[in-house]
Every structure is written in structure tokens, then in C-alpha cells.
Amino acid sequence: MTEFWLISAPGEKTCQQTWDKMMVVTTRTNNLSTNNKFNIPDLKVGTLDVLVGLSDELAKLDTFVESVVKKVAQYMADVLEDSRDKVQENLLANGVDLVTYITRFQWDMAKYPIKQSLKNISEIISKQATQIDNDLKARASAYNNLKGNLQNLERKNAGSLLTRSLADIVKKEDFVLDSEYLITMLVVVPKTSYAEWQKTYETLAEMVVPRSTKLLFEDNDSGLFSVTLFRKAVDDFKHKARENKFTVRDFQYNEEEMKADKEEMTRLSTDKKKQFVRQLFCSQTGPLVRWLKVNFSEAFIAWIHIKALRVFVESVLRYGLPVNFQAMLLQPNKKNMKKLREVLYDLYKHLDKELCASMDIPGLNLSQQEYYPYVYYKIDCNLLDFKV
């Protein structure tokens with residue numbers, strides 16, 4: 001179960017009492033959830049107007065940063081291809097798995113100094129997430145272009161004889177070279193037509209050299225034959241071959257061009273392997289995979305800090321000043337989620353009456369789809385479209 005409920009309730013005489021009450025109803029008398037305190041530092045409250053505006057902005061930022069986290073995670077899964085079963089092990093935050101990071105959350109004072117205003121902290125996170133998103137688009141484009149070029153070359157080397165590269169099939173001795181009058185053609189003949197080819201190729205045009213054909217290569221469907229004829233008969237030969245359902249490949253033996261093709265294939269393959277590694281636990285990993293791991297961690301950490309900001313702002317707007325609330329992280333038992341909702345409602349339903357007196361305060365996020373008498377935000381760590 002990778003779903004968490006991040007909630008807050010106002011402090012009683014102490015915040016510890018709020019925590020103890022919640023623990024009694026959810027864990028000590030039954031097994032509804034696994035709970036952890038969620039530590040939010042003393043942030044700068046600012047004015048009511050700022051909090052009201054920030055509440056809406058943080059909701060939008062939450063959605064955006066979550067989308068960046070999911071995009072980076074999904075792209076890592078796409079890039080790792082055959083190692084998809086290992087993806088989850090690489091989706092870490094600060095070097096630990098996501099559940100550990102969330103349940104032991106500590107505010108990152110270095111990245112998001114609490115001396116800054118709430119507005120400034122949210123802007124730092126927004127800029128950071130936007131940069132990751134833009135970098136991902138650029139890296140994804142470069143990687144996809146490289147992969148596409150490699151796939152095109154691979155198709156040339158492994159596809160049908162009608163389309164694939166012939167550079168690794170033919171040899172110099174298969175051709176009549178440097179002749180002013182003669183030329184060697186390459187013809188793709190269906191396997192079912194071999195006998196027909198042998199019987200007719202010499203008559204497809206005038207000046208075909210007798211007994212010059214030779215089978216050079218076969219795949220599942222066809223064979224590649226060479227045939228030598230006079231240059232002046234090439235057009236007639238192609239026309240007659242087409243009528244007989246033989247396909248003449250436009251190919252001229254050129255060692256330099258063939259060498260360049262092979263070198264390009266090798267270069268592209270090497271570039272691709274430098275960017276990512278199929279075997280995840282080799283001593284070196286591709287730079288794209290490294291970037292994805294680092295920036296997934298950065299984006300996920302930013303996302304959880306946004307959740308913390310939202311809890312803080314909403315708690316102040318709902319419960320008032322001075323700041324006095326306990327943030328709590330619940331990991332529901334999947335079989336008891338409905339019961340957990342009922343228990344929490346019974347525990348905190350009195351807050352609805354207290355909230356009614358504050359309903360004229362703009363900015364209270366009461367229009368959200370899921371409203372409860374306590375502050376609530378869901379964190380879903382299932383970030384991928386496939387089950388890992």
C-alpha cells in the first residue's frame with residue numbers, strides 16, 4: 001500500500017495530546033493505519049491576505065510538481081527498457097526509498113530556508129520544478145532522436161532483403177568492377193520463384209551475360225541474386241524484372257560508403273549505450289539514467305515540501321493563530337480505509353462547528369473534491385503506469 005494520508009488537527013493543551021488521541025483510535029484499539037508524526041518547522045505566517053492567495057497557488061503548484069515527478073519516473077522506466085523490474089529500486093529520495101523518506105520527513109533547511117517567506121519558498125520550488133521539466137523535455141528529445149536513428153539503422157541491417165542494408169552481405173568478388181561496358185545488378189527473388197528466375201533471367205533483356213547469376217544470401221522469404229549484363233541493357237532489364245515480380249535493388253558497390261554506414265551504426269549504438277545501461281548494477285551507468293535518478297530525487301523532495309506547505313497554510317487558515325496544530329502521516333490499512341475515515345470523522349467532527357464561525361474567511365480550501373473536518377492531503381507513491 002503506497003497511499004498516505006497527510007492530515008492535521010488543532011493542538012489540545014499540547015500537540016502531543018492531539019497525537020495520542022489519534023493513535024488510540026487508529027492503532028491501539030484496532031489496526032486501521034500505521035502512523036508517523038510529520039514534522040513541519042516554524043514557518044513565517046505572514047498576513048491573512050498572503051495565506052489566502054498562497055492556498056490557491058500551492059494547490060496548482062502541487063499538481064504541477066506531482067506531474068514532473070511522474071514524468072521523470074515514467075521516463076526512467078522507458079529508458080531502462082529490459083530493466084523495468086529494477087526501476088522502483090532506483091526511484092529514491094535523498095538516497096532512501098520513498099516510504100522511508102516520507103515517514104521520516106525532515107524539512108530541508110538548506111534548500112528551503114525557513115527565514116524566507118512562504119511565498120518565496122513556493123517560488124523556489126516552482127523554479128526548481130520548472131527547470132527539471134524543461135531539462136527533461138530537452139534530454140528526452142535528444143535521446144529519442146538518437147534511439148530513432150539507431151532503430152532505422154537496425155531495420156536496415158535486419159529487415160527484409162527488399163529494404164535492408166546490403167553492406168554486410170555482399171563482397172567485392174561478387175561484382176564486376178571498373179568495367180566500361182559491364183555492370184553487376186542485385187535482384188531479390190521470392191523463394192517460390194527460384195526456378196523461374198534461373199529459367200528466365202538471361203532473356204529479360206539483350207546482352208545479359210549467360211550463367212552469370214549467383215545466389216549471395218537468403219532470408220525467410222527471398223534470395224539475393226547477382227547477375228551481370230551490359231550497361232546499355234540496364235533499363236530494359238529492370239522493366240522486365242519488375243513484370244516478372246523480381247525486384248532489382250539500386251546498389252552500387254562502394255567500399256567507402258559501406259564503411260561509413262558501418263561506422264555510423266557503431267557510433268550510434270555506442271552513444272546510446274553511453275546514455276543508459278541495460279544492466280542496472282554495472283559499475284558505470286549512462287549519463288541519462290544518472291540525471292533521471294538525481295532529478296527524480298530533487299522533484300520528489302520538492303513535492304513533499306509542497307505538501308508540507310499546504311498543510312501549514314491550510315491549518316493556519318482553518319485553526320487560526322497562534323499556530324497550534326499537529327501534522328500526522330497515516331498509511332491506511334487497505335482493508336480498513338472506510339472504517340478509518342469513519343473513526344477520523346468521529347474524532348474531529350466537532351471541528352466542523354468551530355469552522356462554521358470562520359466560513360466568511362476567504363481562502364479556506366473548502367471547494368476541494370474531498371472535504372473533511374480535518375486538513376487532509378493524499379500522497380500516492382505509485383508513480384508509474386505499470387506495476388513494477
Side-chain angles (χ1 to χ4, degrees), residues 2 4-8 36 38-76 91-140 291-318 323 325 327 329 363 365 368 375-383:
T2 56
F4 293 87
W5 297 355
L6 181 55
I7 71 170
S8 83
N36 291 273
F38 191 84
N39 298 310
I40 301 175
D42 294 328
L43 301 170
K44 283 189 172 183
V45 175
T47 65
L48 179 61
D49 285 346
V50 169
L51 291 179
V52 167
L54 199 56
S55 179
D56 289 335
E57 289 175 18
L58 287 174
K60 295 173 185 175
L61 186 56
D62 187 348
T63 301
F64 170 64
V65 178
E66 181 182 5
S67 74
V68 173
V69 170
K70 287 183 174 180
K71 278 192 279 188
V72 176
Q74 193 61 51
Y75 203 73
M76 183 184 287
L91 297 180
L92 305 176
N94 255 3
V96 298
D97 65 86
L98 306 186
V99 171
T100 300
Y101 178 79
I102 295 172
T103 55
R104 299 179 185 174
F105 175 76
Q106 294 292 326
W107 188 273
D108 192 324
M109 301 288 185
K111 286 180 183 170
Y112 314 114
I114 60 174
K115 291 183 180 180
Q116 299 262 12
S117 68
L118 296 175
K119 177 82 170 170
N120 284 353
I121 293 172
S122 70
E123 287 175 352
I124 290 170
I125 294 175
S126 178
K127 288 177 183 176
Q128 181 186 15
T130 300
Q131 185 64 52
I132 292 173
D133 192 41
N134 290 338
D135 286 352
L136 177 63
K137 289 174 184 174
R139 289 172 183 268
W291 184 92
L292 289 168
K293 288 170 71 172
V294 168
N295 284 275
F296 172 81
S297 176
E298 292 295 310
F300 188 85
I301 290 168
W303 185 40
I304 303 305
H305 279 74
I306 285 290
K307 295 292 188 186
L309 285 176
R310 293 191 74 186
V311 169
F312 183 87
V313 169
E314 198 69 18
S315 297
V316 173
L317 286 172
R318 284 206 197 188
V323 176
F325 67 89
L329 187 74
N365 199 1
Q368 58 187 14
V375 173
Y376 160 80
Y377 296 106
K378 184 172 81 170
I379 302 174
D380 189 353
C381 291
N382 185 24
L383 303 169

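Index from 1, following the sequence. What's counted below: heavy atoms across the whole structure, side chains too, no hydrogens, waters or symmetry copies. Every value quoted in this text rests on a predicted model; they were computed, and no experiment measured them.
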Rounded distance (nearest 0.5 Å) linking atom [atom1] of [X] with atom [atom2] of [Y]:
| X | Y | atom1 | atom2 | result |
| --- | --- | --- | --- | --- |
| Tyr75 | Trp291 | OH | CH2 | 10.0 Å |
| Ser126 | Asn120 | OG | CG | 12.0 Å |
| Trp107 | Ile40 | CH2 | CD1 | 8.0 Å |
| Leu329 | Arg104 | CG | CZ | 13.0 Å |
| Leu136 | Leu292 | CG | CG | 6.5 Å |
| Ile102 | Asn36 | CD1 | CG | 10.5 Å |

For the side chain of Ser55 and the backbone of Leu51, is there at least one donor-acceptor N/O pair under 3.5 Å apart?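 No, Ser55 side chain to Leu51 backbone: no donor-acceptor pair under 3.5 Å.
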Walk me through it: do Tyr101 and Ile301 pass the test side-chain contact (heavy atoms from CB on, under 4.5 Å)? CA-CA 9 Å; Tyr101 178 79; Ile301 290 168; 3.3 Å; yes
4.5 Å side-chain heavy-atom contact, [X] and [Y]:
| X | Y | answer |
| --- | --- | --- |
| Lys293 | Leu92 | no |
| Leu48 | Leu317 | yes |
| Leu118 | Phe312 | yes |
| Ile379 | Trp303 | yes |
| Leu98 | Leu383 | yes |
| Leu309 | Ile125 | yes |
| Phe325 | Val375 | no |
| Phe296 | Ile132 | no |

Can you name the closest pair of heavy atoms from [X] and [Y] and give their distance?
| X | Y | result |
| --- | --- | --- |
| Leu61 | Ser122 | CD2-O, 3.5 Å |
| Pro113 | Ile121 | O-CD1, 3.6 Å |
| Ser315 | Ser8 | OG-OG, 2.6 Å |
| Val65 | Ala299 | CG1-O, 3.8 Å |

Under the salt bridge (Lys or Arg N to Asp or Glu O under 4.0 Å) criterion, do Lys137 and Asp133 qualify, and how do the steps go? CA-CA 6 Å; Lys137 289 174 184 174; Asp133 192 41; 3.6 Å; yes
Is a salt bridge present between Lys127 and Glu123, judged by a nitrogen-to-oxygen distance below 4.0 Å?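 Result for this pair is no, no salt bridge flagged.
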For Lys119, all residues meeting salt bridge (Lys or Arg N to Asp or Glu O under 4.0 Å), sequence neighbours excluded: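 For Lys119 the salt bridge (Lys or Arg N to Asp or Glu O under 4.0 Å) partners, ignoring immediate neighbours, are Glu57.
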Go through the steps to decide whether Tyr376 and Leu6 satisfy the test side-chain contact (heavy atoms from CB on, under 4.5 Å), and finish with yes or no. CA-CA 6 Å; Tyr376 160 80; Leu6 181 55; over 6 Å; no
Using the rule given for side-chain contact (heavy atoms from CB on, under 4.5 Å), can you reason through Phe64 versus Thr130, listing the C-alpha separation, both sets of side-chain angles and the distance that settles it, and then say yes or no? CA-CA 9 Å; Phe64 170 64; Thr130 300; 3.7 Å; yes
Classify the side-chain pair Thr100/Asp97 by whether it contains a donor and acceptor separated by less than 3.5 Å.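 Yes, Asp97 and Thr100 have a side-chain donor paired with an acceptor closer than 3.5 Å.
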Among Gln128, Glu298, His305, whose side chain to side chain donor-acceptor pair (under 3.5 Å) with Lys111 holds?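 The side chain to side chain donor-acceptor pair (under 3.5 Å) with Lys111 is passed solely by Glu298 among Gln128, Glu298, His305.
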Around Asp380, counting heavy atoms of other residues, nucleotides and ligands shown, do more than 12 lie under 6.0 Å from its CG?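 Yes, CG of Asp380 has more than 12 neighbouring heavy atoms, counting only those of other groups under 6.0 Å.
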